[in-house]
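Take a look at the structure set out below.
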Amino acid sequence: MSLWPTLAAAGLLLACLALCLYLRERHQRMRLSVELGNLSKRVFTNLERDELTGMLTRSGFDAALERKAVQTNNGTESFCVLYVALDNFGLLNDAFGHETGDQLLREVSRRLGKCVDDAAEGCHVTAGEFSLVLNGDTQIGTAIAKRVSLALTEAVALESIRSQLTCSIGIATYPDHGAVSKLVGNAALAMRSVKQSGGGDFCIYDPKMGVAVREKAVMLNDLRNALAKGEFELYFQPKIDAISLQVTAAEALLRWHHPVRGLIGPSVFIPLAEQYGLIGPIGHWVIEEACRKAARWRERGLRMRVAVNISGYQMREDDLVDRIESALQRNGIQPERFTAEITESVAMEDTKVTQQTFERMRSAGFHVSIDDFGTGYSSLAALRKLPAAELKIDRAFVMDLEESEDARSIARSIINLANALNLRVVAEGVETAGQRDLLVSMGCNELQGFLFAMPMPAYELEKMAIGDRQPEEMEFRRSLFSETYLGKLE
Ligand code: C2E
Ligand code: MG
Ligand code: MG
């Protein structure tokens, strides 16, 4: 019997088997390559687009900017970046929850998309902040900024809220306002300057904005070390009894001897210290130093009160009153000789912790003074409940006393109010004899201002109070900030 048919059948079987294996492997390879393709497409899309808003991611946006720069450098029109920040987005997010916040962001990105043409690109930078890049110069950027502002003010109706949004917009143009890598940052700087002026508007980037921010950063850095380097000094300005003309108290006003800038006033660095959490240690130093100086005056036989300005941040510290009490004890000063000056706006804060601090001040027996009175919105009921012993008429009214009937009416009303509540009234910022005479005729109890004395170092005040030298003879070191440091940080 021939073996050939059997061999042929086995060969055929083997060939079929090999073909099957080959086809199966090819199929698997193709499936893998399709899956790999899908996967990389997904990864790429995720990289380029923000899942929440569908706008470009930061890296996608940077790439879009680079592309626009190449086009512009090749001679096509310029382009600009709009940095759009929702005002109060954080508040809405906290109040209504993140889900509502997300819906809001999606709605905003939809509206932004409608304000620009197809050549524009957008990016959701961070919660409530977007950047747009569009073809055209500053004029076009301004027109689009107006359109965006209008589009966002249309009421938003979501499941849980019906709200109206406002936004602050900064505009930076390429190449006038910096390199591609700086454009978003510069537009954001312009946006911040809008926010600082109250928001709800737009403005074009100005290189000065960057200078102010850098100066602020440098000053903050210096401020962090100022206490350790012993660069602070307390100046004191006397409060004078309107009838006897005796010094009743001395208000401590902080000064910073900056190694390069010279003498800097508190209006510049106190807000910075408050904003960046440095007011705590600085405030503690002021309290301790004011008590030390008051102790020295007592040793010399002087009995005037020492007044310290207390910021809103300090009023929220749990241990503020304990600290003051222990500083007073250490220096042998009675609590009623310590005046805590708290501005009217802080005094009227209805927060539990601020009111608790007031209660503790009452129990400790401090002399509480409401500073800058007349600028806030005091309710009579709230004022009556405060443990205040003194109201200080704000300088703005004193300044206008001689020219403005309104200012005279306000000063008169504050004095009447204080009389009704059994409080003493101090007028701050008295600069002229005319202002002094008007205030005295209205029944103001105490006066404070350049007419009597500038703020001065403790030893000069000591000499003045003891009567060694009369104020007119003194060479007061001018302590006002504007004379030593020109320019104001926002
Ligand atoms: P303030 O407590 O209302 O102090 C009065 C300000 O008016 C002081 O400015 C004082 O130098 C100035 N002044 C006094 N008399 C006159 C005058 O006749 N004419 C004019 N034009 N100005 C006068 P200063 O020292 O620059 O202080 C500004 C503010 O900084 C203070 O306002 C107070 O709110 C705050 N401050 C000062 N020292 C401290 C401090 O140690 N801690 C805190 N938290 N704030 C302080
Ligand atoms: Mg004050
Ligand atoms: Mg004041």
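First listed ligand is number 1; within each ligand, the first listed atom is number 1.
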Worksheet entry | Under-4.0 Å heavy-atom contact with ligand 1, by part of I270 that carries it | side chain

Item to complete: Kindly identify the option in F232, Y313, F452, F450 whose heavy atom sits closest to atom 17 (C) of ligand 1.
Response: F450

Discussion item. Under 4.0 Å, counting heavy atoms only: does G265 come that close to any atom of ligand 1?
Written reply: no

Worksheet item: Under 2.8 Å from the Mg ion (ligand 2), which protein N/O/S atoms are there?
Response: E251 OE2, N309 OD1, E341 OE1, D371 OD2

Worksheet item: Quick one: which of M454, R395, Q314 has a heavy atom closest to atom 22 (N) of ligand 1?
Response: R395

Item to complete: Between E251 and ligand 1, find which residue part has any heavy-atom pair under 4.0 Å and reply side chain, backbone, both or neither.
Response: side chain

Worksheet item: Which ligand 1 atoms does E431 reach within 4.0 Å, using its non-hydrogen atoms?
Response: 17 (C), 18 (O), 19 (N), 20 (C), 21 (N)

Worksheet entry | Other residues, nucleotides, ligands: >12 heavy atoms within 6.0 Å of R192 CZ | no

Worksheet entry | Heavy-atom gap E274 to ligand 1 smaller than 4.0 Å | no

Worksheet item: Do E129 and M191 have side chains that get closer than 4.5 Å, going by heavy atoms?
Response: yes

Discussion item. Salt bridge or not between R305 and E251? Use side-chain N to carboxylate O under 4.0 Å.
Written reply: no

Worksheet entry | Heavy-atom neighbours of N221 CG exceed 12 at 6.0 Å | yes

Discussion item. Taking the cut-offs as 6.0 angstrom to the six-membered ring centre and 45 degrees off its axis, would you call R316 and Y313 a cation-pi pair?
Written reply: yes

Worksheet item: Has the side chain of R408 got a donor or acceptor atom that lies under 3.5 Å from a matching backbone atom of L401?
Response: yes

Worksheet item: Under 3.5 Å, is there a donor-acceptor pair between the T53 and D50 side chains?
Response: yes

Fill in: Q448 touching ligand 1 at heavy-atom level, < 4.0 angstrom
no

Item to complete: Using a strict cut-off of 4.0 Å, indicate which atoms of ligand 1 neighbour a heavy atom of G429.
Response: 15 (N), 16 (C), 17 (C), 18 (O)

Discussion item. Using a 4.0 Å cut-off to any heavy atom of V286, which atoms of ligand 1 qualify?
Written reply: 41 (O)

Worksheet entry | Atoms in ligand 1 flagged as close to Q237, the criterion being non-hydrogen separation under 4.0 Å | 14 (C), 15 (N)

Worksheet item: So is there a nitrogen or oxygen of N309 less than 3.5 Å from a nitrogen or oxygen in ligand 1?
Response: yes

Worksheet item: For the ring pair F232 and F269, is the centre-to-centre distance below 6.0 Å?
Response: yes

Worksheet item: Of all the atoms in ligand 1, which lie at a distance below 4.0 Å from a heavy atom belonging to D372?
Response: 3 (O)

Worksheet entry | Atoms in ligand 1 with a heavy atom of G449 nearer than 4.0 Å | 15 (N), 18 (O)

Practice prompt. Look at atom CD of E405 and say whether more than 12 heavy atoms of other residues, nucleotides or ligands are closer to it than 6.0 Å.
Written response: yes

Worksheet item: Hey, does T339 have a side-chain heavy atom less than 4.5 Å from the side chain of V306?
Response: no

Practice prompt. Verify whether one side chain among E231 and H258 offers a donor that lies under 3.5 Å from an acceptor in the other.
Written response: no

Worksheet item: Does the separation of the ring centres of Y459 and W297 fall below 6.0 angstrom?
Response: no

Response to the item:
Going by the 4.0 angstrom heavy-atom rule, the piece of S311 near ligand 1 is both

Worksheet item: Judged by modelled atom types alone, do D371 and T343 share a side-chain donor-acceptor pair under 3.5 Å?
Response: no

Worksheet item: Does Q356 CD have over 12 foreign heavy atoms under 6.0 Å away?
Response: yes

Worksheet entry | Winner among P266, S369, A427 once heavy atoms are compared against atom 27 (O) of ligand 1 | P266

Practice prompt. Search all heavy atoms of I287 against all heavy atoms of L320 and return the closest pair with its distance.
Written response: CD1-CD1, 4.0 Å

Discussion item. I'd like to check whether L254 has a polar contact with ligand 1, where a contact means an N/O of the residue lying under 3.5 Å from an N/O of the ligand.
Written reply: yes

Item to complete: Under 4.0 Å from a heavy atom of D371: give me the atoms of ligand 1 that qualify, with their elements.
Response: 1 (P), 2 (O), 3 (O)

Worksheet item: Just which atoms of ligand 1 are under 4.0 Å from any heavy atom in E428?
Response: 3 (O)

